[in-house]
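For reference, the structure discussed in these notes is given below.
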Amino acid sequence: MKIALAQFNPTIGDFAGNSARILSLAAQAKQRGADLAVFSELCLCGYLPQDLLERPAFIERNHRELIDLAAKIALPAVVGYAGRVKNGTGKSIANKAAVLCGGRVVFEQSKMLLPTYDVFDESRYFQPADHQSVFEIHGENLGITICEDVWNDKNFWAKPLYPRDPVTEIFGKGTTVLLNVSASPYTLDKRSLRFEMLRSIALNHHCPVIYVNQVGGDDSLIFDGASMALTADGNVAAQARAFEEDLVLFDTATGKGEIHDQPRDELTYAYRAVVTGTQDYVRKCGFKKALVGLSGGVDSAVVASIAVDALGAENVLGVSMPGPFSSEGSKADAAALAKNLGIELIVVPINEVFDSYKKSLAPAFGDRPPDVTEENIQARIRGNYLMALSNKFGSMVLSTGNKSELAVGYCTLYGDMAGGLAAISDVPKLMVYELAQWINRDRELIPRSTIEKAPSAELRPNQKDEDSLPPYDVLDRILKAYIEDLKSPQEISDHYGFDLKLVREIALLVDRNEYKRKQAPPGLKITSRAFGFGRPFPIAQKFIP
């Protein structure tokens, strides 16, 4: 049979829009000769709806839309939705895949493995399946699994996370084609892991594996799509594009399919991810335009470049806000960047307002010398400027802080942290430089002087980041080991040979600045462990690693 891998970008709660895309793709699949269209996990309501799932009206809408979809869809299809279950105990809904055929729902399979790590908390909402069944169509026995169900294969993982293995169980029921409908968020290097895992299943069970993933951004999560079909000998026979809606066909009889080009290197893939996440977050929140404060530094330059690729140059406004310590070079770099990107630039100096602040606060401050207080005032003036422009023009502010700064609190609450989206908050500083070089791969968009100069917040005379922080090639390795790899300061010191006192100080900065991160705008997740709801840490706590 010919199976269409139908990969699209749903919006959470947009039942009418999601249904329309499903119907359109199904019609295209039928026109191209497909016998079955397979869509992604919870595609009818969008993934992940979180506590919307606790609203009865939301679940009722799932059911109504599914029935209506079944009556209209052009060919048999597998569609993910949130459906009711009739258990005497436990949750009242399940994460389901429904088979629509002949105008009705003819089969349903609930998700068996419900992840509760990182950004996932599916046990909060769903009842897990207690059994699986195959569905016969066109001479094939379809074994339908949902996302996490294939991430516990005992032949691939040295230490399975769950006591049950849905893959082995469903093959025991006579599966001849394994389907996996997914909403698998992108993280760095995940695509190679995902491929090797699916390939292992195909080889070990001597069976074709079809994986259909969601594409697009939903809040902090970015879905890369890249849906694929693997033959029984583990070869990729069909693959959809990454970060784009797409439809590809796979023929189970011949083992042939359509393969669309993929970004080859991980840096290109990561850049496409943050562009996709920015585009979808801004637009799905109802905005069309964005504001970026341009300091002349590399972080704001990369964020502005991302914004232009996501929204178009005509929809991005750069704002230069020079202060008493802004260098002429930084002001020139901001202007050059705006010209190179083709975006409008406005210049709004902060000196006069900063002087007014100091004058107003002088009686209260008395003879205390200037310190970080005055630095933060400058940052907060800029944050106020940006938010005022956002209110006036209806544009979303993209904050420009990177993961390294956010980790150790090298940022100002209500200042440079102000904004609607933190586009690079999960991008370490050294990777920001790599992205800058990638952006300049064809021609110089980000001025070379921006990339080559020593990083500085320019909030006091001759300030450099290394006045307060270790070099970023040291800092980023400590942060990755501590935050993503969960290593102790002693383990990090032993592995890298870094001074133990330094590592402990950095770890303490990470822990003590959780209060800032709790007040930060949502950020796009691209690493295995990003700040935000996938890394819940208490603020008021005394544990010292």
Salt-bridge test for Arg535 and Glu514: reply yes if a basic N is under 4.0 Å from a carboxylate O, no otherwise.
-> yes

Decide salt bridge (Lys or Arg N to Asp or Glu O under 4.0 Å) for Arg124 and Asp51; before the verdict, give the C-alpha distance in whole Å, the side-chain angles of both, and the deciding distance to 0.1 Å.
-> CA-CA 9 Å; Arg124 175 184 176 97; Asp51 278 13; 3.0 Å; yes

Evaluate the criterion ring pair (Phe, Tyr, Trp, His ring centres under 6.0 Å) for residue pair Phe58 and Phe15; output intermediate values, then yes/no.
-> CA-CA 10 Å; Phe58 188 84; Phe15 289 97; 5.2 Å; yes

Decide whether Gln7 and Ser227 meet the rule of one side-chain donor and one side-chain acceptor closer than 3.5 Å.
-> yes

Is it true that Lys111 and Glu122 have a side-chain N and a carboxylate O under 4.0 angstrom from each other?
-> yes

Inspect the surroundings of NZ in Lys487 and state if more than 12 heavy atoms from other residues, nucleotides or ligands are less than 6.0 Å away.
-> no

Is Ser110 reaching over with its side chain to a backbone N or O of Lys96, donor-acceptor style, under 3.5 angstrom?
-> no

Taking every heavy atom of Glu258 against every heavy atom of Val248, the minimum-distance pair comes out as OE1-CA, 3.2 Å

Hey, what's the ring geometry for Phe120 with Tyr47, parallel, tilted or perpendicular (30° and 60° as the breaks)?
-> tilted

Nearest heavy-atom neighbours spanning Ala270 and Leu188 | CB-CD2, 3.8 Å

Please check if atom CD1 in Ile544 has more than 12 non-hydrogen atoms from other residues, nucleotides or ligands closer than 6.0 Å.
-> no

State whether the number of non-hydrogen atoms from other residues, nucleotides or ligands found under 6.0 Å of Asp261 atom CG is greater than 12.
-> no

Ser123 and Lys91: side chain donor to acceptor below 3.5 Å = no

So, Glu108 and Tyr81: side-chain donor and acceptor under 3.5 Å apart, yes or no?
-> yes

Do Arg194 and Ser184 have side-chain N/O donor and acceptor atoms under 3.5 Å apart?
-> yes

Give a yes-or-no answer on whether the side chains of Thr527 and Lys403 include a donor-acceptor pair shorter than 3.5 Å.
-> yes

Provide the closest heavy-atom pair for Leu161 versus Glu148 in the form atom of the first, atom of the second, distance.
-> CD2-OE2, 4.4 Å

Passing candidate, side-chain contact (heavy atoms from CB on, under 4.5 Å) with Val106, options Ile137, Val99, Leu100 = Val99

Check for a donor-acceptor pair, side chain of Ser399 on one end and backbone N or O of Gly401 on the other, with a separation under 3.5 Å.
-> no

The single option from Asp426, Asp473, Asp485 passing salt bridge (charged side-chain N to carboxylate O under 4.0 Å, His left out) against Lys480 = Asp485

Side chains of Leu413 and Tyr515 in contact at under 4.5 Å (non-hydrogen atoms) | yes

Just by distance, with hydrogens left out, do Asp149 and Asn180 show a side-chain donor and acceptor under 3.5 Å apart?
-> no

Quick check: does any side chain N or O of Thr252 sit under 3.5 Å from a backbone N or O of Met1, one acting as donor and the other as acceptor?
-> yes

When you look at Lys256 and Phe250, which way does the side chain to side chain contact (heavy atoms under 4.5 Å, CB included) test go after all the steps?
-> CA-CA 6 Å; Lys256 303 295 184 182; Phe250 170 68; over 6 Å; no

State whether Asp14 and Lys284 are salt-bridged, where the test is any N-O pair (Lys NZ or Arg NE/NH1/NH2 against Asp/Glu carboxylate O) under 4.0 Å.
-> no

Around atom CZ of Arg64, are there more than 12 heavy atoms of other residues, nucleotides or ligands at under 6.0 Å?
-> yes

Any side-chain donor paired with an acceptor under 3.5 Å for Asp165 and Asn152?
-> no

Ring-ring centroid check Tyr269 Phe243, cutoff 6.0 Å = yes

Show the numbers, then the answer: is there a side-chain hydrogen bond (donor to acceptor under 3.5 Å, both in side chains) between Asp189 and Ser192?
-> CA-CA 6 Å; Asp189 299 319; Ser192 59; 5.4 Å; no

Are side-chain heavy atoms of Thr276 and Tyr186 found at a separation under 4.5 Å?
-> no

Between Phe543 and Phe537, does the ring centroid distance fall short of 6.0 Å?
-> no

Do Asn213 and Ser182 have side-chain atoms, one donor and one acceptor, less than 3.5 Å apart?
-> no

Rounded distance (nearest 0.5 Å) linking atom CG of Leu435 with atom OH of Tyr271 = 8.0 Å

With respect to Leu53, which candidate in Asn62, Asn95, Ile59 satisfies the side-chain contact (heavy atoms from CB on, under 4.5 Å) definition?
-> Ile59

Any Lys/Arg nitrogen of Lys173 or Glu169 sitting under 4.0 Å from an Asp/Glu carboxylate oxygen of the other?
-> no

Grab the two heavy atoms, one from Leu421 and one from Pro521, that are nearest each other, plus how far apart they are.
-> N-CB, 4.0 Å

Side chain to side chain contact (heavy atoms under 4.5 Å, CB included) assessment of Ile3 paired with Asp35 | CA-CA 6 Å; Ile3 300 176; Asp35 302 303; over 6 Å; no

Between Tyr281 and Ser220, is a side chain to side chain contact (heavy atoms under 4.5 Å, CB included) present by the stated rule, with each step listed?
-> CA-CA 8 Å; Tyr281 186 83; Ser220 296; over 6 Å; no

Nearest heavy-atom pair of Ser425 and Ala422: which atoms, and what distance?
-> OG-O, 3.3 Å

Side-chain ion pair, Asp309 and Arg272, N-O less than 4.0 Å | no

At their closest point, which heavy atom of Phe107 faces which heavy atom of Ile144, and how far apart are they?
-> CE2-CD1, 4.0 Å

